[in-house]
Amino acid sequence: MEAVLQSKGFLTLPPNPKARSLLPSHGLRQRILSTKPLNLPGLSLSSNGFQRFQGSVSRNASFSPKERVSLICRAEAAAAPAADSDEIPKILGIEIETLKKIIPLGLMFFCILFNYTILRDTKDVLVVTAKGSSAEIIPFLKTWVNLPMAVGFMLLYTKLANVLPRKALFYTVIVPFIAFFGAFGFLLYPLSNFIHPQAFADKLLNSLGPRFLGPLAIMRIWSFCLFYVMAELWGSVVVSVLFWGFANQITTVDEAKKFYPLFGLGANVALIFSGRTVKYFSNMRKHLGPGVDGWAISLKAMMSIVVGMGLTICFLYWWVNKYASLPTRSKKKKEKVTMGTMESLKFLASSRYIRDLATLVVAYGISINLVEVTWKSKLKAQFPSPNEYSSFMGDFSTATGIVTFIMMLLSQYIFNRYGWGVAANITPTVLLITGVAFFSLILFGGPIAPMLTQFGLTPLLAAVYVGAMQNIFSKSAKYSLFDPCKEMAYIPLDEDTKVKGKAAIDVVCNPLGKSGGALIQQFMILTFGSLANSTPYLGGILLVIVLAWLGAARSLDSQFTALRKEEELEKEMERSAVKIPVLAQNDGENGSLATSRTPLNPTKGDSASSSPETSAPTNA
């Protein structure tokens with residue numbers, strides 16, 4: 001390191017100054033052994049941060065070689081913190097600002113899916129085991145109640161998105177869910193015997209006949225059906241719209257590729273614990289005394305947990321918005337415009353990108369519903385007791401969490417090694433293979449019954465276990481690969497398309513897929529007489545839908561790749577535009593990083609070859 005001192009008639013350098021270089025070992029030794037630096041009277045800091053001398057010092061004053069070394073070494077030590085300050089703080093190789101976003105998002109996902117598992121397992125027990133109801137109510141609920149309410153919510157959400165800021169929109173949507181589930185456990189269910197029109201429903205059933213059991217059951221147990229719909233909407237609204245929409249707003253594509261699959265690790269730990277929670281409360285009812293409504297006690301406890309988790313979600317959302325730094329998106333985006341409901345739907349329908357996304361969601365809903373409803377009918381036949389049914393669902397949720405946890409560990413490798421396209425095709429492939437195995441067992445269960453007996457299984461129990469495995473592997477592929485792929489596809493879109501597109505796809509298309517599967521099954525039952533008779537045709541429909549799903553995923557892969565390249569090009573152009581003025585300003589400095597000369601820079605009169613006695617004075 002070289003140091004050159006400038007003078008203005010107050011100080012003089014010794015004759016024939018020489019550049020002095022220090023080895024690293026010398027620097028450390030001089031830091032330890034250097035003498036106290038010379039304190040000069042009148043020393044102060046100028047406005048530009050350099051020292052200036054306001055007092056008078058003898059012209060013959062000079063620094064000894066040892067003192068010069070001390071000053072040089074102290075300048076070196078002062079420059080070291082400045083270099084360290086440019087480094088971004090990290091923990092385990094991850095920036096702290098990134099951790100401020102990722103850790104709360106993972107906890108939010110944990111709480112949301114913990115609640116969803118409890119609600120999903122509870123809603124089937126409520127509507128299937130209620131007095132005057134059966135499993136036949138589920139297709140009617142999905143088609144004629146769940147879908148209209150989902151469409152209505154989408155219309156309301158679109159209106160609210162145009163008038164409310166992002167934070168207010170989040171709280172406005174999630175708080176009514178929390179309030180309803182708390183009110184159901186402590187008010188609606190205890191009063192169900194008084195608010196359900198049992199006598200009127202019995203009168204209508206006697207007049208219309210048993211084929212109207214399903215539609216009449218919706219009216220008979222209307223509060224249970226409302227709980228069923230709200231539990232379904234929690235999965236599509238809170239998980240898909242609120243959480244993933246918030247995650248897409250505060251993360252970049254690179255962060256999403258690295259951390260989105262890992263969000264599910266904590267979420268699937270939630271599946272495991274929530275499954276154990278459901279099983280615990282299901283078995284607790286067996287140990288209560290006679291005359292005690294054990295299900296009411298269990299329901300209050302579980303709804304209290306749901307409310308507590310909901311409040312935790314709100315707190316985490318507030319904390320991230322207050323303390324985490326949001327990424328800067330590319331400024332070259334479409335300006336947000338206010339559109340009416342029909343204009344929003346036309347805008348979304350005109351986008352091939354959104355249509356392909358909608359195809360993925362609808363195809364998944366129909367495919368999983370074609371297999372899942374048939375499996376639940378076998379499950380009801382094998383476990384008719386509510387306690388046994390709920391206990392089995394608790395084990396099912398736990399197994400789903402374990403398998404999905406393993407799939408999450410593999411998903412990051414799949415994304416990094418094979419990319420978005422391969423990851424998006426795995427879920428339909430898994431669903432196709434396991435669905436074929438399930439339907440084959442139902443169709444050919446009779447001939448293989450003697451072989452199943454050797455393993456202690458009946459064809460019905462074997463179908464229940466194979467159907468459970470099909471649901472476990474399909475859901476694990478959905479949580480670990482399908483959902484991250486779907487959410488990553490939203491990131492390159494502009495803000496307007498992203499917000500309204502998610503509302504239309506996740507809130508409408510998801511129930512549309514489930515309702516579409518229910519409509520197909522209802523049509524098959526009316527045409528062929530039963531689900532068993534229509535099983536071969538359902539398998540053929542499943543094949544057609546999965547092939548369409550694979551085609552949409554391939555088309556979306558090409559569009560997503562193109563948008564990623566365009567966004568990266570825009571960001572690179574913006575960075576180049578920022579650098580151009582700086583380079584132009586520095587052209588006059590011959591490549592110097594400084595825009596103006598400082599007192600430490602040598603001037604024409606301070607060259608190394610000129611004598612300090614005859615050098616021209618310069619202003620400090």
Side-chain angles (χ1 to χ4, degrees), residues 105 107-127 138 141-142 145-154 156-157 160 169-185 188-189 223-247 263-264 266-268 270-271 273-275 277-278 299 302-317 361 364-365 368-369 372 393 397 400-401 475 478-479 483 486-487 502-503 505-515:
L105 284 176
L107 293 175
M108 287 178 66
F109 205 37
F110 178 95
C111 296
I112 290 172
L113 286 190
F114 189 98
N115 279 357
Y116 182 54
T117 303
I118 294 178
L119 297 174
R120 181 186 61 192
D121 294 344
T122 303
K123 66 182 177 62
D124 287 336
V125 177
L126 281 172
V127 299
I138 295 179
L141 269 176
K142 290 183 175 180
V145 180
N146 192 30
L147 179 60
M149 290 193 65
V151 173
F153 175 84
M154 189 277 296
L156 178 62
Y157 183 85
L160 293 176
L169 182 64
F170 184 92
Y171 295 121
T172 302
V173 173
I174 195 173
V175 169
F177 281 96
I178 299 174
F180 171 80
F181 292 127
F184 182 87
L188 292 179
Y189 184 82
S223 65
F224 297 173
C225 295
L226 183 60
F227 181 93
Y228 186 98
V229 173
M230 292 293 287
E232 288 281 338
L233 288 177
W234 177 274
S236 58
V237 173
V238 180
V239 176
S240 299
V241 176
L242 295 186
F243 172 78
W244 285 114
F246 178 56
F263 284 165
N268 286 285
L271 283 179
F273 281 100
S274 58
T277 300
V278 172
L299 195 61
M302 289 189 288
M303 291 305 103
S304 298
I305 295 175
V306 169
V307 171
M309 289 291 185
L311 296 177
T312 303
I313 294 167
C314 294
F315 169 77
L316 291 171
Y317 180 82
V361 176
Y364 174 82
I368 195 68
N369 191 66
E372 188 176 21
M393 291 303 297
S397 298
T400 302
K475 291 181 183 296
K478 176 183 183 294
Y479 295 145
D483 285 344
K486 176 170 64 74
E487 301 307 326
K502 284 189 66 64
I505 290 176
D506 295 330
V507 179
V508 175
C509 295
N510 190 21
L512 181 62
K514 297 179 180 180
S515 300

Rounded to the nearest 0.5 Å, how far does [atom2] of [Y] lie from [atom1] of [X]?
{"X": "M303", "Y": "F180", "atom1": "CE", "atom2": "CZ", "value": "9.5 Å"}
{"X": "M230", "Y": "K123", "atom1": "CE", "atom2": "NZ", "value": "14.0 Å"}
{"X": "T312", "Y": "M309", "atom1": "OG1", "atom2": "CE", "value": "6.5 Å"}
{"X": "T172", "Y": "L242", "atom1": "OG1", "atom2": "CG", "value": "10.0 Å"}
{"X": "F177", "Y": "I112", "atom1": "CZ", "atom2": "CD1", "value": "11.5 Å"}
{"X": "L233", "Y": "N146", "atom1": "CG", "atom2": "CG", "value": "5.5 Å"}

Pairwise side-chain contact, [X] with [Y], heavy-atom cut-off 4.5 Å (strictly under):
{"X": "V361", "Y": "K486", "value": "yes"}
{"X": "F114", "Y": "V306", "value": "no"}
{"X": "W244", "Y": "V239", "value": "yes"}
{"X": "D121", "Y": "S397", "value": "yes"}
{"X": "V173", "Y": "F153", "value": "yes"}

Exercise for the section: Just jot down the side chain to side chain donor-acceptor pair (under 3.5 Å) partners of S223, sequence neighbours excluded, or say none. Expected result: H196
Non-hydrogen atoms of [X] and [Y] that approach each other most closely:
{"X": "A231", "Y": "L119", "result": "CB-CB, 3.8 Å"}
{"X": "I368", "Y": "G365", "result": "CG2-O, 3.5 Å"}
{"X": "Y116", "Y": "G235", "result": "CE1-CA, 3.6 Å"}

Got a sec, which residues hit side-chain contact (heavy atoms from CB on, under 4.5 Å) with [X], two or more places apart in sequence or on another chain?
{"X": "C225", "result": "I137, L141, I218, I221"}
{"X": "N369", "result": "K142, V373, A518, Q521"}
{"X": "I178", "result": "I174, V307, C314"}
{"X": "L126", "result": "T122, F184, Y189, F224, F227, W295"}

For [X], enumerate each residue passing the ring-ring contact (aromatic ring centres under 6.0 Å, His included) test, keeping only those at least two apart in sequence or located in another chain.
{"X": "F273", "result": "none"}
{"X": "F170", "result": "Y317"}
{"X": "F110", "result": "none"}

Problem - Donor-acceptor under 3.5 Å (S274 side chain, L271 main chain) - result: yes
Exercise for the section: Give a yes or no answer on whether the side chain of W234 reaches the backbone of R120 with a donor-acceptor pair at less than 3.5 Å. Expected result: no
